[in-house]
Asker: 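Structure below; questions to follow.
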Amino acid sequence: MFITFEGLDFCGKSTQVKLLVEYLKKKNEKVKVFREPGGTNISEKIRSILLDKNNSEMIFETELLLFAASRSQLVNEKIIPLLAEGYYIISDRFHDSSIAYQGYGRGIDLEFVITLQNFVIKSAVPDITFFIDIPIEEVLLRKSKIKHIELDRIEISERLFYEKVREGYLILSKKEKRFIKIDGTKSIDEVYQKIIKEIEIYETKKENLV
Ligand code: TYD
């Protein structure tokens, strides 16, 4: 089973990824967890280029292609072989991040971004995608707490960017059946319980089909 987590920065995905991995390991399931961009030697090198603050001259198209290159390596080197071996694969971000951030957020031609993702992920379509949704105000608040910056110093462009990314995720969650939208302003435990319940529902449905 392939499960991905999506959402705006600071939505709490990484905490939920950890909790889900612990839950599956307790059930003695074989689990591998990835964080995008990254997950292979080549992908981690691409990650450091993407997240390097000195690379401020990077244009949006380069960014899109580097995320795609990192993902392509991860899909072929790790995800597809591990799924074939019966592993649960959990990924903190996957191709929907590129659709939301580069497509909706940066405004790169959406059809092209989607076509590129399909080319990259091949058969590795997630079974479930948890979209942990938080309002922009919450993103900015959490960011100011963690990074100790004042809210009024956050540029208006950043707020607009997050609004477009969130809008993208909301559209995806209406369009894609695999998407499960969860209110990320709820407590860690409430979000976790909802995730476990949804996985159980999915597995029961699958068992009934066999
Ligand atoms: P990271 O520090 O891993 O953030 P997070 O913990 O929120 O996932 O940085 C990943 C950043 O890259 C994050 O701001 C989202 C962005 N991103 C894209 O713009 N496109 C993508 O395809 C992916 C995977 C990430």
Side-chain angles (χ1 to χ4, degrees), residues 2-21 33-40 42-56 58-75 78-79 89-110 112-121 124-126 129-136 138-147 149 154-155 157-169 171-172 176 179 182 184 188 191:
F2 183 22
I3 302 164
T4 59
F5 282 79
E6 295 286 350
L8 297 177
D9 306 47
F10 305 102
C11 70
K13 296 177 279 93
S14 310
T15 306
Q16 295 299 333
V17 167
K18 274 194 212 115
L19 291 171
L20 178 58
V21 171
V33 53
F34 298 108
R35 168 204 58 174
E36 271 227 67
T40 69
I42 293 172
S43 309
E44 289 295 330
K45 284 182 185 156
I46 299 173
R47 178 185 176 87
S48 61
I49 300 173
L50 276 163
L51 301 185
D52 184 345
K53 290 202 173 64
N54 294 322
N55 288 339
S56 57
M58 188 181 295
I59 60 161
F60 295 164
E61 286 81 354
T62 307
E63 187 187 64
L64 170 74
L65 294 168
L66 285 174
F67 278 119
S70 161
R71 181 165 304 129
S72 175
Q73 191 64 34
L74 176 66
V75 164
K78 301 274 173 84
I79 296 181
I89 304 289
I90 319 282
S91 192
D92 188 342
R93 297 196 180 282
F94 197 53
H95 69 310
D96 298 306
S97 282
S98 286
I99 298 173
Y101 280 76
Q102 279 64 54
Y104 287 94
R106 303 288 199 213
I108 301 176
D109 181 81
L110 199 57
F112 177 69
V113 174
I114 294 170
T115 303
L116 180 63
Q117 300 317 305
N118 291 337
F119 170 73
V120 163
I121 70 171
V125 180
T129 298
F130 290 110
F131 163 44
I132 306 186
D133 185 35
I134 54 170
I136 313 303
E138 192 64 27
V139 178
L140 299 178
L141 195 70
R142 291 183 188 183
K143 191 169 186 174
S144 71
K145 275 187 196 152
I146 293 167
K147 301 208 164 154
I149 41 177
I154 294 172
E155 289 171 25
S157 64
E158 192 171 25
R159 186 182 292 257
L160 284 174
F161 175 68
Y162 279 129
E163 268 162 15
K164 286 190 262 177
V165 175
R166 183 179 185 220
E167 188 54 33
Y169 276 130
I171 292 169
L172 280 172
E176 299 283 353
F179 256 71
I182 300 183
I188 292 178
V191 174

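Counting starts at 1 for both ligands and their atoms, in listed order. In what follows, residues are counted from 1 in the order of the sequence shown.
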Asker: Heavy atom of H95 under 4.0 Å from ligand 1?
Answerer: no
Asker: Please say whether S14 places an N or O atom under 3.5 Å from an N or O atom belonging to ligand 1.
Answerer: no
Asker: So which protein heavy atom does atom 16 (C) of ligand 1 come closest to, and at what separation?
Answerer: F67 CZ, 3.9 Å
Asker: Would you mind reporting whether I49 and M58 have side-chain heavy atoms less than 4.5 Å apart?
Answerer: yes
Asker: Identify the protein heavy atom lying closest to atom 24 (C) of ligand 1, giving its residue, its atom name and the separation to 0.1 Å.
Answerer: R71 NH2, 3.4 Å
Asker: If you round to the nearest 0.5 Å, how far is CD1 of I42 from CD1 of I46?
Answerer: 7.0 Å
Asker: Starting from atom 19 (O) of ligand 1, what is the nearest protein heavy atom, named by residue and atom, and what distance separates them?
Answerer: Q102 NE2, 2.9 Å
Asker: When you measure from atom 14 (O) of ligand 1 to every protein heavy atom, which one gives the shortest distance, and what is it?
Answerer: D9 OD2, 2.7 Å
Asker: Looking only at protein heavy atoms, which one is nearest to atom 6 (O) of ligand 1, and what is the separation?
Answerer: K13 NZ, 3.9 Å
Asker: Checking side chain to side chain donor-acceptor pair (under 3.5 Å) for the pair S91/T4: CA distance, chi angles, key distance, verdict?
Answerer: CA-CA 5 Å; S91 192; T4 59; over 6 Å; no
Asker: Closest non-hydrogen protein atom to atom 7 (O) of ligand 1, residue and atom name please, with distance?
Answerer: R93 NH2, 3.1 Å
Asker: Any carboxylate oxygen within less than 4.0 angstrom of a Lys/Arg side-chain nitrogen, looking at R159 and E163?
Answerer: no
Asker: Output yes when a side-chain donor or acceptor of R106 lies under 3.5 Å from a complementary backbone atom of F60, and no otherwise.
Answerer: no
Asker: Test Q16 against every option in V21, I188, D92 by the side-chain contact (heavy atoms from CB on, under 4.5 Å) rule and name the one that passes.
Answerer: I188
Asker: Would you say the rings of F2 and F94 are close, in the sense that their centroids are separated by under 6.0 Å?
Answerer: yes
Asker: Does E36 reach ligand 1 with a nitrogen or oxygen that is under 3.5 Å from one of the ligand's nitrogen or oxygen atoms?
Answerer: no
Asker: Of all the non-hydrogen atoms in the protein, which one sits nearest to atom 11 (C) of ligand 1, and at what distance?
Answerer: L51 CD2, 4.2 Å
Asker: Show the atoms of ligand 1 that are less than 4.0 angstrom away from any heavy atom in S98.
Answerer: 21 (C), 22 (O)
Asker: When E36 is tested against each of R47, R71, K78 for salt bridge (Lys or Arg N to Asp or Glu O under 4.0 Å), which residue passes?
Answerer: R71
Asker: Return the residue, atom name and 0.1 Å-rounded distance of the protein heavy atom closest to atom 3 (O) of ligand 1.
Answerer: R47 NH2, 3.1 Å
Asker: Can you tell me if E6 uses its side chain to pair, donor with acceptor, with the backbone of F130 under 3.5 Å?
Answerer: no
Asker: At a 4.0 Å cut-off, with the gap strictly under it, does some heavy atom of R35 reach an atom of ligand 1?
Answerer: no
